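Please read the structure below before turning to the comments.
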Amino acid sequence: MKFTLPARKPFNFTSVIDSHGWRQLAPFTYDEGTNTLGYTLRLSNARVIELKMSDAKDGVSVETERLNKTERSEAAEAVAWMFGLDMDFSAFYAASRAEPKLARAKKQSLGRVLRSPTLFEDVIKTILTTNTLWGATQNMTRKLVDEFGVALGGATGRNVDEAPKSFPTPEAIAASDPDTLKEKIRVGYRAPAIHELAVRVASGKYDLEALKTCDLPTLELRKELLTINGVGPYAAANLLLILGRSDFIPIDSWALKLVSHEWYRGKPVTSKEVEKRFEKWGEYKGLAFWFWDWKYNGG
DNA sequence: GGTAGACCTGGACGC
DNA sequence: GCGTCCAGGTCTACC
């Protein structure tokens with residue numbers, strides 16, 4: 001079946017999927033030829049389906065197998081969240097209009113950051129980006145999905161080992177143990193943090209998903225995220241940006257490099273210099289940093 | 001409040 | 001093929 005979900009204007013499908021590296025992490029897939037984003041989704045009734053998302057006029061076109069009304073509504077809700085379809089960036093566009101380095105923001109509909117359907121998945125993935133190289137993040141995520149995910153249902157004639165799998169539920173990771181996570185998934189010292197979060201969420205003691213829609217002030221929300229083991233200032237800022245809060249900058253070694261080449265002729269800088277350069281952007285700091293038209297491109 | 005050092009993996013490099 | 005070095009944030013202990 002196929003359906004289309006409208007987005008608040010302006011909206012640009014490609015800008016969202018290119019907003020950061022998430023589309024390169026399982027269970028996302030991306031087909032460059034057709035500009036189609038795939039995602040293996042586990043519905044609340046445990047059915048696993050494959051979503052194929054592509055550009056539609058002012059929204060997202062979703063192709064998947066036949067779903068009942070409840071399943072369709074759940075799939076639509078997931079896609080709407082992943083693409084932030086209802087998000088409004090008009091205030092950011094107004095604030096950045098006079099800044100040449102952000103002049104393209106409105107035209108390209110920049111602002112939305114691709115999300116996973118659950119905050120649990122985004123927190124785990126963010127922890128897997130810390131203190132490692134991108135290739136290792138991809139490997140760890142792949143292994144986590146392969147080991148604990150559920151294979152796509154109804155994949156007739158296909159070896160179940162090769163079938164796409166959903167992102168693991170907190171229960172699936174909680175049922176494992178830190179040693180297995182370390183040895184099989186190769187997450188290293190992150191294992192206890194990942195396992196602990198999974199246990200907290202699976203037990204129902206910690207309603208992580210409630211943070212997606214809570215109206216806590218950003219500072220409070222950041223404090224909450226920082227209580228999660230493995231989430232420090234960088235990870236918290238990254239998660240805030242995903243949650244649509246832009247008051248903090250995810251400062252990692254790459255950010256230091258960008259700022260160093262932008263304003264300090266490649267001389268090493270600290271996070272203080274990064275903060276200073278974006279201070280004037282206030283609640284749009286994160287967006288201004290993230291979508292800045294940087295001189296440096298790694299070369 | 002600031003900082004040194006440990007944590008772990010995987011890739012690059014030299015032998 | 002083996003050993004060594006290095007990059008990459010968070011956390012803890014310490015000043």
Side-chain angles (χ1 to χ4, degrees), chain A residues 19-22 24-26 113 115-116 119-148 168 170 173 176-201 206 208 211 218-243 245-262 264 266-279 285-286 289-290 294 296-299:
Chain A
S19 57
H20 60 153
W22 258 210
Q24 297 171 32
L25 299 181
V113 175
R115 299 155 159 166
S116 304
L119 186 56
F120 175 71
E121 182 175 334
D122 277 336
V123 173
I124 297 291
K125 283 178 171 172
T126 299
I127 291 175
L128 295 183
T129 67
T130 58
N131 199 27
T132 192
L133 305 177
W134 182 245
T137 300
Q138 289 178 293
N139 285 340
M140 290 186 270
T141 313
R142 175 81 268 159
K143 288 192 172 96
L144 196 66
V145 168
D146 284 347
E147 184 69 24
F148 301 113
I173 298 177
S176 178
D177 57 84
D179 284 345
T180 305
L181 291 171
K182 189 173 167 183
E183 283 154 29
K184 268 191 148 172
I185 315 301
R186 313 297 292 165
V187 300
Y189 66 90
R190 303 168 193 81
I194 290 169
H195 188 253
E196 182 195 298
L197 179 66
V199 168
R200 276 174 76 198
V201 174
Y206 188 40
L208 182 62
L211 300 184
T218 305
L219 209 59
E220 294 298 313
L221 184 53
R222 178 175 184 266
K223 258 190 208 166
E224 186 59 41
L225 291 168
L226 288 172
T227 66
I228 301 169
N229 264 336
V231 173
Y234 158 78
N238 190 58
L239 288 164
L240 285 173
L241 210 50
I242 283 173
L243 288 169
R245 313 287 189 109
S246 176
D247 315 44
F248 292 88
I249 301 170
I251 304 176
D252 57 2
S253 56
W254 181 246
L256 298 176
K257 218 170 270 180
L258 291 173
V259 169
S260 145
H261 285 272
E262 191 78 6
Y264 300 89
K267 189 178 133 270
V269 299
T270 66
S271 50
K272 275 190 181 162
E273 273 86 35
V274 181
E275 294 287 356
K276 206 168 84 187
R277 287 290 168 180
F278 286 89
E279 203 176 353
K285 238 182 270 174
F289 166 82
W290 201 253
W294 299 99
Y296 185 70
N297 59 14

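Quick note on labels: first sequence line is chain A, next is B, and so on, each numbered from 1. Everything quoted here is computed from the prediction, not taken from an experiment.
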_Contacts of type salt bridge (Lys or Arg N to Asp or Glu O under 4.0 Å), residue A:Lys125, not counting sequence neighbours_ = A:Glu121
Listing time: all N or O pairs from protein to nucleotides 9-13 of chain B that are below 3.5 Å?
from   : atom 1 : to       : atom 2 : distance (Å)
B:dG10 : OP2    : A:Arg186 : NE     : 3.4
B:dG10 : OP2    : A:Arg186 : NH2    : 3.4

Under a 3.5 Å distance rule, please check whether [X] uses its side chain to pair with a backbone N or O of [Y] as donor and acceptor.
X: A:Thr141; Y: A:Leu25; answer: no
X: A:Ser246; Y: A:Leu241; answer: no
X: A:Asp122; Y: A:Ser116; answer: yes
X: A:Trp290; Y: A:His20; answer: no
X: A:Trp134; Y: A:Thr129; answer: no
X: A:Arg200; Y: A:Tyr206; answer: no

*Going 5' to 3' on DNA chain C, which nucleotide is the first and which the last to come under 4.0 Å of a heavy atom in chain A?*
C:dG8 to C:dC11
*Can you tell me which residue pairs pass the salt bridge (charged side-chain N to carboxylate O under 4.0 Å, His left out) test with a partner in residues 181-190 of chain A, sequence neighbours excluded?*
A:Glu147-A:Lys184
*asked:* Within the 4.0 Å heavy-atom criterion, would you say A:Ala193 contacts the bases, only the backbone, or no part of the nucleic acid?
replied: nothing
Can you confirm whether [X] sits close enough to [Y] that some side-chain heavy atom of one is under 4.5 Å from a side-chain heavy atom of the other?
X: A:Thr180; Y: A:Ile185; value: no
X: A:Leu226; Y: A:Arg222; value: yes
X: A:Thr218; Y: A:Leu243; value: no
X: A:Lys285; Y: A:Phe248; value: no

Considering only nitrogen or oxygen atoms on both sides, find all protein atoms under 3.5 Å from nucleotides 1-5 of chain B and state each distance.
none

*Using the C1' atoms of five pairs at each end, what's the angle between the two axes of the helix from B:dG1-C:dC15 to B:dC15-C:dG1, to 10 degrees?*
30°
*Measure centre to centre between the rings of A:Trp254 and A:Tyr234, then say whether the value is under 6.0 Å.*
no
*Using the closest heavy atom to pick a nucleotide of DNA chain C for each, name whichever of A:Lys257 or A:Ile228 lands nearer the 5' end.*
A:Lys257
